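The next block holds one structure in the form of structure tokens; read it before the comments.
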Amino acid sequence: METLQAVRGMNDILPDQVGWWQRVERTAREVLENFGYREIRTPVVEKLDLFSRGIGENTDVVEKEMYAFEDRSGDWIALRPEVTASIARSYIQHKLYADPTLQKFYAIGPMFRHERPQKGRYRQFHQIDAEVFGIDSPMIDAEIMHMLRIFLEKVGISGVTLHINTLGCPECRKVYREVLKRYLTDKGDEFCPDCMRRRETNPLRVFDCKVERCQAFLDGAPALIEYICNDCRTHFDAVMEMLDKLGTPYVVDPKIVRGLDYYMRTTFEVVTDRLGSQNAVGGGGRYNGLVQDLGGPEVPGIGFAIGMERLIMLLQQEQQAAVQAPDAFIAAVGEHARTGAFLLLQQMRAHGLEVEMEFESRSLKSQMRRADKLGPRFVFILGEDEINRGEIQLRDMQEKTQQVLPLDTAALTLSQMIGKNSPEPVCSEPGQCGCAAQGGSGTVSQE
RNA sequence: GUGGGUGUAGCUCAACUGGUUAGAGCACUGGGUUGUGGCCCCAGAGGUUGGCGGUUCGAGCCCGCUCACUCACCCCA
């Protein structure tokens, strides 16, 4: 195939899909800012070091899954695989820890990983990310999960579950890790080859093995919750207590282990059973060591990221796409009338109206057909007779009625009928005002 | 990186065991009304069957390679 094509795993988001993205982004900004988060925009490219230090040099992530390049000056750079490290870097670089008004950040944008694409998993993907620095209280752990839930509700997602867990702190996890490793080793060859390897490299990962046989042997495994220190226990209990008080439902799930070392204490994921193998829509956790690891002061942190592709796939399963129809269409018959229509079109746009017309010389019938396809409520018809008399026909496509109007006030008349009279769209609540421009039905299927 | 599945019109799909000009629905264009949409009717346009090679009298169909898409594994930020 000779035709030009996007790079593997990188997708175009076509106009008929973009409405979903805009809606999700709009809702995210609304909710996050309501909770006091402020947007931060960091570069899509960072020095490779940032991620290898932040994530760990010898992980698969850094070794083979990162989109890394040597640039022309010989520096190793990488397309960001996540944005937490970038935000932490920026936070340190600009000494934002000295500004008590800036502790909560959010970022929305593309991330990259060099992996074989699969459902809900692409080489360029998009995340909504939130991070809090400098707050160690379990209240913020609970609040951030609560906020995540509010966001999902507002955007219209149903059928997802919040899973939470605690990983303990580096000290108590170290103890547990050894206990678990011993347990797994004692079981000998009973586990799948992957798990036999995992028990050496990252024993906690065995917990989310998909092989049923492995899961069966895990029933009797020691639980981390029994080994964590008092401080971690107290923290986790407080998080759950606050979630209860906030009325945000959750299930404690020891399988939420996260892959990276810098996570500690609270971890969480929002999961669904409707996306095939990639079942996490979003997730996050506490990472008290990260800022310090990157050369900053000892500042605790917690955050989460939402995968936008997956979120939108879920939305599409339950909701109708919003269709965007223009406010009106102008059909013109004859050369002279077409020029008049063109001027009227621009006049209408100056009123903030979205109007289309046919530029080619086509039969009125074909113009009416096209108008019908585009779906506006109103169609103006301008022929030689009308333009000579200074008039125009206005057809209401729904009511199938037609009237004659003065041409010079046609734009004003339309804007009054539509209820738009400024370039700013009046309608900020899709579906609430009956405005045809934003057709989000807002319906959520009950299941 | 590994394994499975799939590639036919813009889209969704046909084409009996290999057999002549590769079809249909939707979409598109024009017409049925010298100026009026949806429904209906008529006509038209649109394909190197992903690509290259092989087997064969003959390949959309069989074989090899390749590319792309897709699902899953590893990993998961």
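Note: hydrogens, waters and symmetry copies are ignored here, and every other heavy atom, side chains too, is used. Since the model is a prediction, treat every value here as computed from it, not as a measurement. Here is how names work: the chains are called A, B, and so on, in the same order as the sequence lines, proteins then strands, and each is numbered from 1.
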For the [atom1] atoms, the ones on [N] and on [M], what distance do you get once it is rounded to whole angstrom?
N      : M      : atom1 : value
C71(B) : C28(B) : C1'   : 34 Å
U36(B) : A43(B) : P     : 23 Å
G50(B) : U12(B) : P     : 14 Å
G7(B)  : A15(B) : P     : 11 Å
U21(B) : G25(B) : P     : 22 Å
C67(B) : G51(B) : C1'   : 7 Å
C69(B) : A77(B) : P     : 26 Å

Tell me whether the OP1 or OP2 atom of [N] has a side-chain N or O from [X] closer than 4.0 Å.
X       : N      : value
R8(A)   : A68(B) : yes
R116(A) : A72(B) : no
K365(A) : U33(B) : no
Q118(A) : U70(B) : no
R205(A) : C76(B) : yes

In terms of side-chain heavy atoms of [X], which of [options] is nearest?
X       : options                : answer
M368(A) : C75(B), C71(B), U36(B) : U36(B)
D372(A) : C74(B), A77(B), G37(B) : G37(B)
Q278(A) : C76(B), A77(B), G38(B) : C76(B)

Task: Stepwise side-chain hydrogen bond (donor to acceptor under 3.5 Å, both in side chains) check, Q393(A) with E386(A) - done: CA-CA 8 Å; Q393(A) 305 266 356; E386(A) 286 84 0; 3.2 Å; yes
Write down the distance between [atom1] ([X]) and [atom2] ([N]), rounded to a whole number of angstrom.
X       : N      : atom1 : atom2 : answer
F125(A) : C76(B) : CZ    : P     : 14 Å
R338(A) : G35(B) : CZ    : P     : 13 Å
L14(A)  : G10(B) : CG    : C1'   : 13 Å

Task: N/O donor-acceptor pair, side chain Q367(A) with base G35(B), under 3.5 angstrom - done: no
Open item on the list: Suppose we call a contact any N or O donor and acceptor under 3.5 Å apart; does that hold for the side chain of R121(A) and the base of C76(B)?
Closed with: yes
Open item on the list: Just to be sure I understand the rule, does E386(A) reach a base, reach only the sugar-phosphate, or reach nothing, if contact means heavy atoms closer than 4.0 Å?
Closed with: base
- [ ] Pick base, sugar-phosphate or nothing for G334(A), based on heavy-atom distances below 4.0 Å to the nucleic acid.
- [x] nothing
TODO: Check the pair Q127(A), R80(A) against side-chain hydrogen bond (donor to acceptor under 3.5 Å, both in side chains), reporting the backbone distance first and the verdict last.
DONE: CA-CA 11 Å; Q127(A) 289 187 334; R80(A) 61 184 183 193; over 6 Å; no
Open item on the list: If you assign P117(A) and Q127(A) each to the RNA chain B nucleotide with the nearest heavy atom, which residue ends up on the more 5' nucleotide?
Closed with: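 That would be P117(A).
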Task: Aromatic ring proximity F133(A)/Y97(A), centre distance under 6.0 Å - done: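 No; Y97(A) has its ring centre 6.0 Å or more from that of F133(A).
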All N/O pairs under 3.5 Å across the protein-nucleotides 28-30 of chain B interface:
residue : atom : partner : partner atom : Å
C28(B)  : OP1  : K373(A) : NZ           : 2.8
C28(B)  : OP2  : K373(A) : NZ           : 3.0
U29(B)  : O3'  : R362(A) : NH1          : 3.2
G30(B)  : OP1  : R362(A) : NH1          : 2.6

Task: Cation-pi check, R370(A) onto F329(A) ring (under 6.0 Å, within 45° of axis) - done: no
Open item on the list: Return the OH to CD1 distance between Y106(A) and I128(A), rounded to the nearest 0.5 Å.
Closed with: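 Here the interatomic distance stands at 10.0 Å.
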Task: Strand-adjacent residues in residues 281-300 of chain A, judged by heavy atoms under 4.0 Å from RNA chain B - done: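 Residues of residues 281-300 of chain A under 4.0 Å from RNA chain B: none.
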- [ ] Taking all non-hydrogen atoms of both residues into account, name the closest pair between Q347(A) and D408(A) and its distance.
- [x] OE1-O, 4.1 Å
- [ ] Locate the shortest heavy-atom distance separating R198(A) from C209(A); write the atom from each residue and the value.
- [x] NH2-SG, 3.5 Å
Open item on the list: Quick check on Q346(A): does its CD atom have over 12 non-hydrogen neighbours (other residues, nucleotides or ligands) under 6.0 Å away?
Closed with: yes
Open item on the list: Other residues, nucleotides and ligands only: do more than 12 of their heavy atoms fall within 6.0 Å of NZ on K255(A)?
Closed with: no
Task: 5'-to-3' dot-bracket of RNA chain B (Watson-Crick, G-U; under 3.5 angstrom; crossing pairs as [ ]; | other strand) - done: (((((((..((((.....[...)))).(((((.......))))).....(((((..]....))))))))))))....
